[in-house]
Amino acid sequence: MLYSIIVYALILFGTIFLLSKSVSNKRYSNTLTFLGLSFFSILVGCRWEVGADYISYYEFASGLYTYDFQIDRLEPIPRYLAKLTSETSIPFYVWFIIMAFIQIYFLQKSLKKVYIPILSWGIFFFITMYLSEQMNIVRQGAAICICLYAYTFIKEKQWFKYVLLIVLASCFHKSALICLPFYFLGYINFTLSVPVQYLIFIVSSVISSIIIGYLMEKFAFVAAWISFDNTMDALKANQVQSKMGLGLGIIFYYIRYAILIFYSPQLSKKYAKYGFDFYYMLLFIYMCIYSACFTNIYLQRVFLFFTYLNVIVLAFLYHYLYTQRKNDISFLLLIMLTIVQIVLYFYSGDPWEFIWNTHNNLDYK
């Protein structure tokens, strides 16, 4: 247990340190960025059996699958990389390293483009909230990080770059195609008052399951379009229930969302020119259906392209609280929220093993 905690701490604080230094140290910025990305990618990519889907990806990357259709169902880029590692002398774990590199590369690129001062907080949330998930949904995780970067072009009204990045993301996971219409959300002016937001948040939290059921029926053709028919059927049947995230985690998320709504006018005023209102609007959509998602794995995955706006929006919130640290309440609130998030991060992590700890049992090819 202690060994796993040390590894998780290294991944968190080592990555934040190196990537934040890349911003403050202009002279060695590119070198420190590469070191930070490599540090994260190698540690995460050289894990062994961490994540429920690890073995299935290991079989693809090692060429241990039985039939060609098993690997042909993968999207082009992860399929090509799997064939590269399975049909050459390149070790299988290079597949995991490359996928982790893509995740952290596009994440930090997104944060730097949005607003450089929130970089450290954004990495903090990405790792403490989504690292375990990223190691499980590897392909979709890479697609989500590319989509986060794509969102930054909506504010700039650069539709061609946006579409290009979404298509690139779909080459990792087809579900990214549902983000194509998001471009038009950039034309919406999201200006709801705090009381109205609270009202919508509370009411929708109660009836979100009904809303989601209606939307699934209305947009079933989208699932067919991206070849997610089976997933949608399982989702409707509520077949896969999540055992993670219940109790303290859910209560904490609700409290933090309530705090976020309270501070949203101040955040909008301070960070409007950095696109806060758009990112907050996407996250608010997820906040309203959060109660319908936290126990259903498939439903969680459908809305991941909204969920991951936590990384950007909460980074804005925590950065704001930090800038107001002379206010005792803001500083205390920041410390309490940060400590709880770190505790949840260590508590929810799977036991960690590296490939070199089990080298006698592994076929490195």
Side-chain angles (χ1 to χ4, degrees), residues 5-26 28-45 47 50 97-138 141-152 253 256 260 267 271 274-276 279 283 304-305 307-323 334-335 337-346 348-349 352:
I5 291 176
I6 292 173
V7 174
Y8 282 112
L10 273 175
I11 294 172
L12 175 61
F13 298 112
T15 306
I16 290 176
F17 174 77
L18 289 169
L19 291 180
S20 61
K21 281 294 183 182
S22 73
V23 172
S24 59
N25 191 325
K26 300 297 182 182
Y28 298 105
S29 177
N30 292 335
T31 301
L32 288 168
T33 297
F34 179 75
L35 288 175
L37 299 179
S38 300
F39 179 82
F40 175 88
S41 304
I42 292 172
L43 286 185
V44 172
R47 68 190 185 278
V50 183
I97 292 174
I98 292 174
M99 296 298 285
F101 187 90
I102 291 166
Q103 292 167 359
I104 193 67
Y105 172 78
F106 280 100
L107 172 78
Q108 60 87 34
K109 199 168 178 64
S110 305
L111 293 166
K112 287 179 178 178
K113 193 166 185 289
V114 172
Y115 184 50
I116 288 178
I118 68 169
L119 174 66
S120 296
W121 285 117
I123 295 169
F124 170 80
F125 285 116
F126 176 74
I127 294 176
T128 58
M129 293 179 72
Y130 300 119
L131 177 62
S132 294
E133 187 171 64
Q134 289 281 310
M135 293 188 295
N136 194 24
I137 55 166
V138 181
I144 290 167
C145 292
I146 296 171
C147 288
L148 284 179
Y149 183 54
Y151 294 159
T152 65
Y253 274 39
R256 188 164 57 189
L260 176 60
L267 296 172
Y271 303 112
Y274 304 112
F276 171 81
Y279 303 128
L283 181 61
L304 284 177
F305 297 98
T307 310
Y308 273 69
L309 270 301
N310 274 306
V311 172
I312 295 175
V313 176
L314 291 179
F316 275 124
L317 172 64
Y318 281 47
H319 178 266
Y320 177 80
L321 292 175
Y322 181 75
T323 62
L334 175 64
I335 290 178
L337 290 174
T338 303
I339 289 175
V340 174
Q341 185 61 56
I342 291 174
V343 170
L344 288 174
Y345 168 61
F346 288 129
S348 62
W352 195 280

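Here the structure is a predicted model, which means the values were calculated and not measured. Values below: all heavy atoms of this structure, side chains included; hydrogens, waters and symmetry mates excluded.
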Criterion side chain to side chain contact (heavy atoms under 4.5 Å, CB included) against F126, the qualifying member of V311, T15, N310: V311

Check this for me: F17, atom CZ, are more than 12 non-hydrogen atoms of other residues, nucleotides or ligands nearer than 6.0 Å? no

For Q108, all residues meeting side chain to side chain donor-acceptor pair (under 3.5 Å), sequence neighbours excluded: K112

More than 12 non-hydrogen atoms from neighbouring residues, nucleotides or ligands closer than 6.0 Å to OH on Y130, yes or no? yes

Enter the distance from Q103:CD to L131:CG here, rounded to the nearest 0.5 Å. 8.5 Å

Please indicate whether F34 has more than 12 foreign heavy atoms, meaning atoms of other residues, nucleotides or ligands, lying under 6.0 Å from its CZ. no

Between F316 and Y115, does the side chain to side chain contact (heavy atoms under 4.5 Å, CB included) criterion hold? Intermediate values first, please. CA-CA 9 Å; F316 275 124; Y115 184 50; 3.9 Å; yes

CG of L317 to CG of L334, rounded to nearest 0.5 Å, is 8.5 Å

For Y8 and Y345, take the angle between the two ring planes, folded into 0 to 90°, and tell me which bin it lands in: parallel under 30, tilted 30 to 60, perpendicular over 60. perpendicular

I102 and A142 have their tightest heavy-atom pair at CG2-CB, 4.0 Å

Student check: side-chain heavy atoms of F106 and I144 closer than 4.5 Å: no

Point-to-point distance, once rounded to the nearest 0.5 Å, from CG of L19 to CD1 of I123: 4.0 Å

Neighbour count above 12 (heavy atom, 6.0 Å) for K109 NZ: no

Does the side chain of Y279 reach to within under 4.5 Å of the side chain of Y274, using non-hydrogen atoms? no

Check whether any side-chain heavy atom of F40 sits under 4.5 Å from a side-chain heavy atom of L18, and report yes or no. no

Does one side chain, of E133 or Y308, offer a donor that lies under 3.5 Å from an acceptor on the other? yes

V44 vs I104 side-chain heavy atoms within contact, under 4.5 Å: no

Enter the distance from T152:OG1 to K113:NZ here, rounded to the nearest 0.5 Å. 3.5 Å

Show the nearest heavy-atom pair for residues S348 and S132, with the distance to one decimal. O-OG, 4.1 Å

Determine whether L260 and L267 make a side-chain contact, defined as any pair of heavy atoms from C-beta on separated by less than 4.5 Å. yes

Test item: R256 side-chain N/O and L314 main-chain N/O as donor-acceptor pair under 3.5 Å: no

Counting only N and O atoms by type, is there a donor-acceptor contact under 3.5 Å from the side chain of Q134 to the main-chain atoms of I127? no

So, S29 side chain and S22 main chain: donor-acceptor pair closer than 3.5 Å or not? yes

F305 versus C147, closest heavy-atom pair with distance: CE2-SG, 3.7 Å

Can you tell me if H319 and Y271 form a side-chain donor-acceptor pair at under 3.5 Å? yes

Under 4.5 Å between any side-chain heavy atoms of L309 and Y151, yes or no? yes

For atom OH of Y322, decide whether the heavy atoms of other residues, nucleotides or ligands shown that lie under 6.0 angstrom number more than 12. no

Distance check, rounded to the nearest 0.5 Å: T128 atom OG1 versus F346 atom CZ? 9.5 Å

Mind listing the closest non-hydrogen atom pair of M99 and V138 along with its distance? CB-CG1, 3.5 Å

Testing the basics here: between L148 and S110, what is the closest heavy-atom pair and its distance to 0.1 Å? C-OG, 3.5 Å

Roughly how far apart are L10 CG and I5 CD1, rounded to 0.5 Å? 12.5 Å

Do you know the tightest heavy-atom contact between I11 and F39? CA-CE2, 4.3 Å

